[in-house]
Number of protein chains: 2
Amino acid sequence: MKKIKGLVCSKCGKMVDETVMYNCSDCGTEGTLDVIYDMDLVKKELTKEYLLNNDDKNIWRYMPILPLETKEGVAPLQIGWTPLYEAPRLEKAFNIKKVFVKDEGRNPTASFKDRATAVGVAKAIELKKDIMCAASTGNAASSLSGFAACMGIKNYIFVPKNIPEAKLAQLLVFGSNVILVDGDYDTAFDFCLKAVDHFGWYNRSCAINPYLCEGKKTAAFEICEQLGFEVPDKVIMSVGDGCSISSVWKGFKEFYDLGLIDKVPTMVSVQANGSNPVNRTYRRNSREFDYVPPSTIADSISVGVPRNGYKALNALRDSKGITVDVSDDEILSAITELARYTGVFGEPAGVTSFAGLKKLVEQGLIGEDETVVFVVSGSGLKDVKSAQKAVTRPELVKPDMEELIKYLKVN
Amino acid sequence: MKKIKGLVCSKCGKMVDETVMYNCSDCGTEGTLDVIYDMDLVKKELTKEYLLNNDDKNIWRYMPILPLETKEGVAPLQIGWTPLYEAPRLEKAFNIKKVFVKDEGRNPTASFKDRATAVGVAKAIELKKDIMCAASTGNAASSLSGFAACMGIKNYIFVPKNIPEAKLAQLLVFGSNVILVDGDYDTAFDFCLKAVDHFGWYNRSCAINPYLCEGKKTAAFEICEQLGFEVPDKVIMSVGDGCSISSVWKGFKEFYDLGLIDKVPTMVSVQANGSNPVNRTYRRNSREFDYVPPSTIADSISVGVPRNGYKALNALRDSKGITVDVSDDEILSAITELARYTGVFGEPAGVTSFAGLKKLVEQGLIGEDETVVFVVSGSGLKDVKSAQKAVTRPELVKPDMEELIKYLKVN
């Protein structure tokens, strides 16, 4: 009945007991842990039949391979099973057989992070932890904020002072206790860790708490199911700390290990060129991250020290992954181009994956007969200020037909 | 095979042929039309069995009673089948048996308007109209903008100059041709009508084009299905032009006429007290709308002349409806209270329905044993500026544990 075998360190590979709270005892915070399941046990329940007959169109359909004993702490919010759109207009423009957008902006608080939070909150309730906390550039924060409000859980959220106003307002609306830290994301993150040590709060950080990534991996399961258990050739993701890409890779691997799919995709890591520690380190074939102060418009993936760097490197290595760096200008263009081709409006970090796809196409690195999925990790409504940089405000028009006709001739 | 019998005028009751473009010839723009189906024909297809066996979790599951011949113009965006959340914490706070939130912010462009647009765009494609237009305070606009981008349809959007920046940016991102009108919503609306006359564009306005409301009515169908064909006692909606409440009422009536449900709900119209033409007129037991310049923070329902006033009055009359007016302060409080009780973040117009529910509870107008649904028509991310008015920005905290402990004692 015990589906979890243990937790394995992403840095040194040591296996630890699942009661370990947070990190590998040898590697410290660098040693983030991965949950390892007893696949023989999981296999008995999680079959293709089981999935095809399951009407639960949300992440809880994957309970047999989620790190929870019961559904006691499951929030009523509709989480996951986000749309996977085929984008025929992009297929034509890029000359690729199949292009799909996974729109994670359709989650309850409009980002991919909700998958992780849903599992984190449920785990906190299972562990009888009554206060949660997070450090975040925004999306993980608003996600915890929303789910905690829904479940009535007290929470503290550490945010850097440069957090976009829209993201800050959302936290305050949900009634979180916001700690606006006089510093950047890395400072807020370390400060939150100290507070966790001091107060014993339950940490909603994918880069610390191994159970969070378990929520994120469900996106891979959904992609498999939504494509009728056919696996895409490439899965393209925006990368900051490295949690999302490694979690999604874990999802594909688990479905493969369960015999539900017959191959795995190549993972593509797209980073902003002003914040590319994972890509840089992978290309150097190194496992040492050198710190460079991050600088990108894509605040959700603006990261100096990748908090889940080893998991990301492992995912790239194991999937024979590809790295792509894109500029802020390319990210801004990607906002409007994606919206105009598909109707999906993403935030800067959300469309960074798409900017990466464009670059791969330009470089001839995607074959005509490939099937490609890119994940848009957050809604454009989360950071309209950046979107405004990508567009031009129109002139005022007087409500007069002659004026209109004149205006339309010019514009 | 012809499921549409004709169109009936909401003002004078005259039946016209479905080829009539837009309004009743006798009543002009005041005479908005309702689509009347051959229910005997619809009944043959749209049965409880049909619905229970339909895996299409979007508005197209209701094709037998939508005004389209084929699915040719159906956008691939995931539209409708938004979550209906039970809100146990509200039930307890309000002492009501069952309280449900219908979260329309989960539509593709984050508002209820997407239901109407989806049908409007499909109809335009069916009618071989290649340019669409709309006048809007924002949500209808961004909705048309997103769907038109997805389907590659050229479009012109008339917006008043006071449109919130976040909403304007969304239109520009999607590549719409935005006509920023030097005037208010009513001016933009009339200007758009003139342009439609002149250029022959297809008008995406629920207050003009009868097919649009057909998309909106699907919210009622979903509520019925999501509650296992049990009908709530009251359905509470924010009201501006009157299109949404009348469309949802039409949905309940149609399901009743089809024998799918055995009663209909009481419709509750909630308006801002600075923009309450429907409620005011209904309470006066009149059918004459007197113009008062609108003034409310809830821009999506800020309306001087209700463009679908007769439909709204008919819905209130036929459902023995209730009207509630709320202040801007009550709307602002509703943003945070709803978010903190349910995890749903709504825009001002979105939570106006909830502010109305609160008021009904305070006035003792909801019985303990009732089942109540309120519709949140748009996401709070659409108008974060208003949300910011409802919250207080926290002070900066230095990243030091002693500072934190001091801060937490005070805050």
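Letters A, B, ... are given to chains in the order of the sequence lines, protein chains preceding strands, and every chain is numbered from 1. Just so it is clear, the structure is predicted and the values come from calculations on it, not from any experiment.
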Inset, instruction - Please name the pair of heavy atoms, one in A/R340 and one in B/V173, separated by the smallest distance, quoted to 0.1 Å. - result: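 That closest heavy-atom pairing would be NE-O, 2.9 Å.
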Inset, instruction - Might you point out which heavy atoms bring B/F199 and A/I405 nearest each other, and give the distance in Å? - result: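 Looking at all heavy atoms of both residues, the closest pair is CZ-CG1, 4.0 Å.
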Interchain contact, [X] with chain A, by part (heavy-atom threshold 4.5 Å):
X	answer
B/L408	side chain
B/A75	neither
B/A195	both
B/D400	backbone
B/E337	neither
B/S145	neither
B/R89	side chain
B/L396	both

Identify which part of [X] has an atom lying under 4.5 Å from any heavy atom of chain B, answering side chain, backbone, both or neither.
X	result
A/L77	both
A/S142	neither
A/A110	side chain
A/E403	neither

Legend entry - Exceeds 12 heavy-atom contacts within 6.0 angstrom, atom NZ of B/K92: no
Inset, instruction - Please check if atom CG in A/N53 has more than 12 non-hydrogen atoms from other residues, nucleotides or ligands closer than 6.0 Å. - result: yes
Inset, instruction - Apply side-chain contact (heavy atoms from CB on, under 4.5 Å) to B/V397 and A/F191, showing your working. - result: CA-CA 10 Å; B/V397 180; A/F191 194 26; 4.2 Å; yes
Side chain proximity check, [X] to [Y], heavy atoms < 4.5 angstrom:
X	Y	result
B/E395	A/L180	no
B/C150	A/T342	no
B/F158	A/L404	yes

Inset, instruction - Sort out for me which residue in A/T109, A/L381, A/V384 forms a side-chain contact (heavy atoms from CB on, under 4.5 Å) with B/L381. - result: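 Among A/T109, A/L381, A/V384, the one meeting side-chain contact (heavy atoms from CB on, under 4.5 Å) with B/L381 is A/L381.
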Inset, instruction - Would you mind telling me which of B/P108, B/P88, B/A169, B/A390 has the largest number of heavy-atom pairs within less than 4.5 Å of chain A? - result: B/P108
Determine whether a donor-acceptor pair (N or O, by modelled atom type, separation under 3.5 Å) exists between the side chain of [X] and the backbone of [Y].
X	Y	answer
B/R106	A/Q78	yes
A/R393	B/L172	no
B/Y341	A/A149	no

Which value, rounded to the nearest 0.5 Å, describes the distance between [X] atom [atom1] and [Y] atom [atom2]?
X	Y	atom1	atom2	value
B/K398	A/T187	NZ	OG1	12.0 Å
A/H198	B/M401	NE2	CE	4.5 Å
B/L171	A/F345	CG	CZ	10.0 Å

Which of [options] touches chain B most, by non-hydrogen pairs under 4.5 Å:
options	result
A/D103, A/N107, A/T392	A/N107
A/G146, A/G175, A/S379	A/G175
A/G183, A/G152, A/A387	A/G152

